[in-house]
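Starting from 1, each residue takes its place in the sequence as its number. On a predicted model such as this, the values are computed, not experimentally measured, just so you know.
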Amino acid sequence: MPWDLIVGYASGLRLVAPGLDPELFPRTLAAVHLCDAVLCRALARSMGYSQRLWVLAGLAFGIWALVVLMI
């Protein structure tokens with residue numbers, strides 16, 4: 001199994017954009033994880049959680065960190 005499929009499904013990006021070109025995948029993944037980190041920080045601040053921890057979780061786990069924070 002190619003690396004982009006494994007990382008894509010683990011990060012949730014392939015669930016959102018299944019037809020994403022493998023050449024665009026790393027840049028798109030970085031942009032999405034950066035946006036997820038910003039959203040995690042904003043939510044963590046409004047909920048009184050550690051902003052630094054949730055920014056790192058958003059950068060590392062992407063949409064899954066955001067889902068955990070929302071729950």
Side-chain angles (χ1 to χ4, degrees):
M1 191 177 240
W3 72 272
D4 62 321
L5 288 178
I6 295 169
V7 173
Y9 285 119
S11 68
L13 187 58
R14 285 285 178 196
L15 300 173
V16 177
L20 188 63
D21 186 21
E23 290 181 9
L24 296 175
F25 181 76
R27 287 180 281 178
T28 306
L29 183 67
V32 168
H33 277 236
L34 185 62
C35 291
D36 289 335
V38 170
L39 289 171
C40 281
R41 182 179 184 270
L43 281 174
R45 182 179 358 159
S46 69
M47 297 173 142
Y49 296 139
S50 170
Q51 295 176 33
R52 183 174 294 161
L53 173 71
W54 283 103
V55 166
L56 293 174
L59 285 172
F61 301 110
I63 192 75
W64 303 118
L66 194 57
V67 168
V68 168
L69 186 58
M70 284 195 220
I71 293 174

Legend entry - Within one Ile-Leu-Val-Met-Phe-Trp-Tyr cluster: Leu20 and Val32, side-chain cutoff 4.5 Å: yes
Legend entry - Side chains of Leu66 and Leu43 in contact at under 4.5 Å (non-hydrogen atoms): yes
Inset, instruction - Could you check Leu69, Val55, Leu53 and say which one makes a side-chain contact (heavy atoms from CB on, under 4.5 Å) with Arg41? - result: Val55
Inset, instruction - Check whether any side-chain heavy atom of Phe25 sits under 4.5 Å from a side-chain heavy atom of Val7, and report yes or no. - result: yes
Legend entry - Distance, nearest 0.5 Å, that separates CG of Leu29 from CG of Leu24: 12.0 Å
Legend entry - Considering all heavy atoms, the nearest Ala44-Ser50 contact: CB-O, 4.0 Å
Legend entry - Smallest separation among heavy atoms of Ala65 and Ala57, with atom names: CB-O, 3.4 Å
Legend entry - Main-chain N/O of Ile63 paired with Asp36 side-chain donor or acceptor, under 3.5 Å: yes
Legend entry - ILVMFWY cluster, Tyr49 and Leu39 together (side-chain gap under 4.5 Å): yes
Inset, instruction - Decide whether Leu56 and Met47 are clustered together by the hydrophobic rule: side chain heavy atoms of Ile, Leu, Val, Met, Phe, Trp, Tyr closer than 4.5 Å, transitively. - result: no
Inset, instruction - Look only at the side chain of Trp54 and the backbone of Arg45, and say whether a donor-acceptor pair between them is shorter than 3.5 Å. - result: no
